[in-house]
Participant: 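Starting off with a structure, shown below.
We number each residue from 1, following the sequence as shown.
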Amino acid sequence: MATLLYRLGRGAFRRRRWVTLAWAAVVLGVVLGAMSAGEAADDSDSMPGIESQHAFDLINERFPGAEAEGAGARIVLVAPDGRQVTATEYRAAIDTLVAEVADGPQVAAVSDPLDASTVSEDGSTAYATVTYEVTEDHVTDAGRADLMAAVEQARTSGLTVEAGGGAVAGEPPAGIGEFLGIGVAAGVLLITFGSLAAAGLPLITAVVGVAVTLASIVALGGTLGMSTADGDLAMMIGIAVGVDYALLVVSRYREERAKGHDAREAAGLAAGTAGSAVVFAGLTVVIALAGLSVIGVPSLTKMGMAAAGAVVIAVLITLTLVPALLGFWPDALLARRVRRVRKGRSAPPARRFRKRPARGAARRAGEAGAWSVRWARFVQRRPVPVLLGSAVLLGALAVPALDLRLGMPGDEAKPTSTTERRAYDALADGFGPGFNGPLTVVVDARGADDPRSAVAAVSDRLAGTAGVVSVAPPRFNAAKDTAVIQAVPSTAPTSERTEELVHTIRDERHATESATGATFEVTGTTALNIDVARKMTDALIPYLLVVVGLAFLLLLVVFRSVLVPLKAALGFLLSVGASFGALVTIFQNGHGAGLLGVEETGPVMSTMPLMLVGIVFGLAMDYQVFLVSRMREAVVHGERPAEAVVTGFRHSGRVVTAAAVIMTSVFAGFMTGGETLLKMVGFGLAVAVLFDAFVVRMAFVPAVLVLLGERAWWLPRRLDRLLPRVDVEGEALGRRTPAPALAAVPDADRQGSVPA
């Protein structure tokens with residue numbers, strides 16, 4: 001592996017113009033393909049294998065055209081305290097509101113709340129239903145603006161008027177996620193390398209990779225059924241890994257140049273050593289993301305495959321375009337001191353640490369003022385307290401995760417500054433908390449002797465169920481053999497009691513079905529969210545087994561050790577458990593929620609655990625490969641295991657730190673959006689990276705390796721003969737001709753960067 005990538009890096013460096021032109025052609029090709037691509041069919045909402053989805057499919061089968069119905073909205077009207085919306089003084093304002101909304105673009109029909117009797121029992125609240133000719137995705141901004149203009153006009157009558165529903169909600173408020181991530185990445189890279197060219201190259205290649213990824217998603221959208229929503233995660237991952245992978249190769253290139261290699265040889269060695277780590281780090285991320293397909297949810301499958309494609313592109317760019325760009329600026333990427341020495345200028349005065357007793361050039365080069373090496377020495381001296389401290393800290397943070405509840409927050413989770421949230425609250429106050437999440441019961445009476453009597457029996461049973469406050473009259477299809485019944489719970493859609501009610505209805509239906517010959521199923525948004533949460537929970541353990549198992553085998557090949565991959569997996573479980581605990585503490589229990597601008601707490605998003613596990617596992621293995629591969633390299637070249645831990649930190653500690661800060665910033669940037677779900681995703685990924693990079697990889701992992709000593713690299717002889725040798729540590733390259741000495745370069749600058 002190392003030799004192959006070494007040749008690839010040298011070749012890309014030598015043929016830099018052709019490689020750069022080839023990538024420019026790829027970018028142009030996918031952009032042109034995206035511009036000419038048709039619109040993708042959106043079928044990502046399907047959730048096969050759950051009752052609510054089966055019931056929804058039955059409605060579409062028995063009620064032709066139901067799926068094609070247009071978007072909807074609700075205009076909620078609330079009278080001032082002590083008054084009623086049915087009062088004569090409000091009649092004209094309501095009539096004007098209904099007429100203006102009905103004349104709006106794309107509107108098919110509007111119900112008059114007074115004529116339709118959609119008024120609360122106390123007369124304080126009423127609502128009008130707006131039906132559109134198009135689906136939610138096709139409601140134009142002009143249509144939404146027309147609706148809100150009519151709502152604003154109606155408010156002058158003294159009524160409180162708000163609007164909710166899918167047709168009202170446009171694009172969520174944009175945050176500064178990408179810009180924040182790129183900005184922080186630029187600052188971190190500049191501090192790390194001390195060179196504008198070295199800081200700019202990873203950013204350039206990351207942007208190229210993201211551009212290729214997003215354009216490819218759009219171009220293939222019609223064929224693969226992908227949409228721009230699938231590109232959100234791909235963009236986030238693409239920026240993060242694109243910068244990190246290029247950062248690793250550029251850092252190794254500077255190191256090899258500082259050892260005395262010429263630019264082309266250094267580019268080849270960087271590709272052969274750091275490039276090998278990039279390949280296997282990328283493979284672990286691809287395994288974790290592509291593994292989302294085992295869950296059986298189309299939306300997660302497409303999202304995972306799109307993000308996995310972004311990682312593959314980032315790896316290819318790192319192995320080809322990065323060495324090519326190194327060829328255009330071979331010396332500009334070096335630290336200022338190294339460039340000065342190479343130009344024949346005198347070296348600057350020696351630093352104070354040079355007065356210390358000599359301890360060898362290699363040790364002085366890494367230890368002089370390097371915090372990472374000082375930390376590694378601390379762990380080397382006190383491995384037990386560091387191990388126990390990191391494990392206890394993460395374990396304590398993970399305790400709240402035992403109360404994790406999954407669901408899908410709706411309008412109730414939006415800020416009170418939005419009209420959708422205010423409309424939700426007004427309906428809950430006027431009609432009860434369960435009105436915003438009615439249960440839809442689909443009765444299949446084809447097997448009943450008397451379909452109408454069977455449907456009536458099901459309706460009566462629903463009305464008599466504890467927790468149901470009202471049942472609407474059944475709506476039959478044209479064949480009169482299938483009916484839809486709306487049942488309103490007494491509790492909110494995300495309440496645990498509502499979930500218990502759904503399970504109660506399903507558990508008690510056997511007797512009704514036996515007596516009537518009709519079958520029924522429960523669906524609707526509330527039931528769908530409950531079923532999806534259960535499906536995600538049931539899929540978590542199998543997904544973990546598949547992903548961790550495959551990654552264990554991959555790391556077994558990379559490190560040729562049984563205990564190192566096992567330790568990596570255990571450390572990941574600690575970090576992801578702590579991340580779950582932090583999510584529950586803030587977004588479910590509400591402790592500190594105000595600091596993040598979260599106004600309403602509730603269950604954690606159903607897909608969040610799987611997304612968190614998949615993304616963070618891949619990225620955690622990135623840091624594992626970056627850091628431990630240098631330790632393995634030191635062991636292969638004859639260092640003692642405890643000293644190899646220090647060597648790994650000396651060469652990779654700063655890189656892993658910079659990569660983690662960049663990654664955290666990219667994820668944290670998505671918390672700047674207005675949607676609670678975006679805040680949840682950004683927060684969960686950001687804290688997971690922090691825990692894994694700075695607690696697990698920087699404390700737990702080295703402490704375990706120090707305690708294990710030689711046993712850390714133990715591999716049974718029979719297994720050693722069976723496993724392929726991939727030479728990630730570049731052992732074959734180490735047998736090449738030694739690099740010429742650079743006596744003029746100060747030891748502290750051999751790393752190619754300004755010491756910390």
Participant: Does R560 reach the main-chain N or O of D720 with its side chain, forming a donor-acceptor pair under 3.5 Å?
Facilitator: yes
Participant: Would F617 and V576 count as a side-chain contact (heavy atoms from CB on, under 4.5 Å) here? Give the steps.
Facilitator: CA-CA 8 Å; F617 182 81; V576 80; over 6 Å; no
Participant: To check you understand the geometry: which heavy-atom pair defines the closest contact between A310 and G238, and what is its length?
Facilitator: CB-CA, 4.2 Å
Participant: Under a 3.5 Å distance rule, please check whether S390 uses its side chain to pair with a backbone N or O of L387 as donor and acceptor.
Facilitator: yes
Participant: Is a side-chain donor or acceptor of R711 paired with a backbone partner of L708 at a separation under 3.5 angstrom?
Facilitator: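 Yes, the answer is positive, given that a donor and an acceptor are paired below the 3.5 Å cut-off.
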Participant: So H503 and I530, side-chain contact (heavy atoms from CB on, under 4.5 Å) or not? Walk me through it.
Facilitator: CA-CA 10 Å; H503 294 319; I530 292 171; 4.2 Å; yes
Participant: May I ask you to decide if G437's main-chain N or O and T526's side chain share a donor-acceptor pair within less than 3.5 Å?
Facilitator: yes
Participant: When you compare the side chain of T537 with that of L404, does any pair of heavy atoms fall below 4.5 Å?
Facilitator: no
Participant: Is there side-chain contact between H54 and I50, with at least one heavy-atom pair below 4.5 Å?
Facilitator: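 Contact flag for H54/I50 side chains = no.
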Participant: Under 4.5 Å between any side-chain heavy atoms of T657 and F694, yes or no?
Facilitator: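 Side-chain contact under 4.5 Å: yes.
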Participant: Measure the shortest side-chain to side-chain distance between L556 and L719 over non-hydrogen atoms and say whether it is less than 4.5 angstrom.
Facilitator: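 Touching, per the 4.5 Å side-chain cut-off.
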Participant: Of the non-hydrogen atoms in T213 and A306, which two are nearest, and what is the gap between them?
Facilitator: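 For T213 and A306, the tightest heavy-atom pair comes out as CG2-O, 4.2 Å.
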Participant: Could you check L248, T205, I662 and say which one makes a side chain to side chain contact (heavy atoms under 4.5 Å, CB included) with V243?
Facilitator: I662
Participant: With distance as the sole test, does T523 use its side chain to make a donor-acceptor pair with the main-chain N or O of S52 at under 3.5 Å?
Facilitator: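 Pair found, side chain donor or acceptor close to backbone of S52.
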Participant: Ignoring hydrogens and angles, state whether a donor on the side chain of T491 or T498 is under 3.5 Å from an acceptor on the partner side chain.
Facilitator: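 The answer is yes; a qualifying pair exists.
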Participant: From I239 CD1 over to S665 OG, what is the distance, rounded to the nearest 0.5 angstrom?
Facilitator: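 The distance works out to 11.5 Å.
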Participant: With a 4.5 Å heavy-atom cut-off, do L715 and S561 have their side chains touching?
Facilitator: no
Participant: To the nearest 0.5 Å, tell me how far K567 NZ sits from F559 CZ.
Facilitator: 7.0 Å
Participant: Within the 4.5 Å heavy-atom criterion, are L574 and V695 side-chain neighbours or not?
Facilitator: no
Participant: Can you give each donor-acceptor pair under 3.5 Å made by side-chain atoms of residues 584-598, sequence neighbours left out, with the distance rounded to 0.1 Å?
Facilitator:
unit_1 : atom_1 : unit_2 : atom_2 : d
T585   : OG1    : G581   : O      : 2.8
Q588   : OE1    : R405   : N      : 2.9
Q588   : NE2    : D403   : O      : 2.7

Participant: Testing the basics here: between V502 and L439, what is the closest heavy-atom pair and its distance to 0.1 Å?
Facilitator: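 Taking V502 first and L439 second, the nearest heavy atoms are CG2-CD2, 3.8 Å.
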Participant: If the threshold is 4.0 Å, N to carboxylate O, is there a salt bridge linking R506 and E500?
Facilitator: no
Participant: Looking at NZ of K535 and CD of Q53, how far apart are the two atoms once the value is rounded to the nearest 0.5 Å?
Facilitator: 10.0 Å
Participant: When rounded to the nearest 0.5 angstrom, what is the spacing between CD1 in I217 and CE in M305?
Facilitator: 11.5 Å
Participant: Test L214 against M235 for side-chain contact (heavy atoms from CB on, under 4.5 Å), laying out the working first.
Facilitator: CA-CA 7 Å; L214 295 181; M235 178 175 62; 4.1 Å; yes
Participant: Can you name the nearest heavy-atom pair linking M608 to M680, along with the distance?
Facilitator: CE-O, 3.6 Å
Participant: Tell me if the CZ atom of R509 is crowded by more than 12 foreign heavy atoms within 6.0 Å.
Facilitator: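 Atom CZ in R509 is crowded, with more than 12 foreign heavy atoms closer than 6.0 Å.
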Participant: When you measure from the side chain of E51 to the backbone of V522, do you find a donor-acceptor pair of N or O atoms at a distance under 3.5 Å?
Facilitator: yes
Participant: Taking atom CG of L540 and atom CG of L612, what is their separation to the nearest 0.5 Å?
Facilitator: 10.0 Å
Participant: Can you tell me how far apart CG (L563) and CG (L705) are? Round to the nearest 0.5 Å.
Facilitator: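 Separation between the atoms: 9.5 Å.
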Participant: Just do the side-chain contact (heavy atoms from CB on, under 4.5 Å) check on F691 and S579 with the steps written out, would you?
Facilitator: CA-CA 8 Å; F691 291 152; S579 305; 3.7 Å; yes
Participant: Which heavy-atom pair separates G272 from L5 by the least distance, and what is that distance?
Facilitator: CA-CB, 3.9 Å
Participant: Which residues pass the ring pair (Phe, Tyr, Trp, His ring centres under 6.0 Å) test with F552, sequence neighbours left out?
Facilitator: none
Participant: Is the shortest heavy-atom distance from the side chain of L627 to the side chain of F649 under 4.5 Å?
Facilitator: yes
Participant: For residues L555 and V564, determine if any side-chain heavy atom of one lies less than 4.5 Å from a side-chain heavy atom of the other.
Facilitator: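 A side-chain contact is absent here, since even the closest heavy-atom pair is not under 4.5 Å.
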Participant: Any sub-3.5 Å donor-acceptor pair from T318's side-chain atoms to Y245's backbone N or O?
Facilitator: no
Participant: Where do T494 and P603 come nearest, in terms of heavy atoms and distance?
Facilitator: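 It is CB-CD, 3.8 Å.
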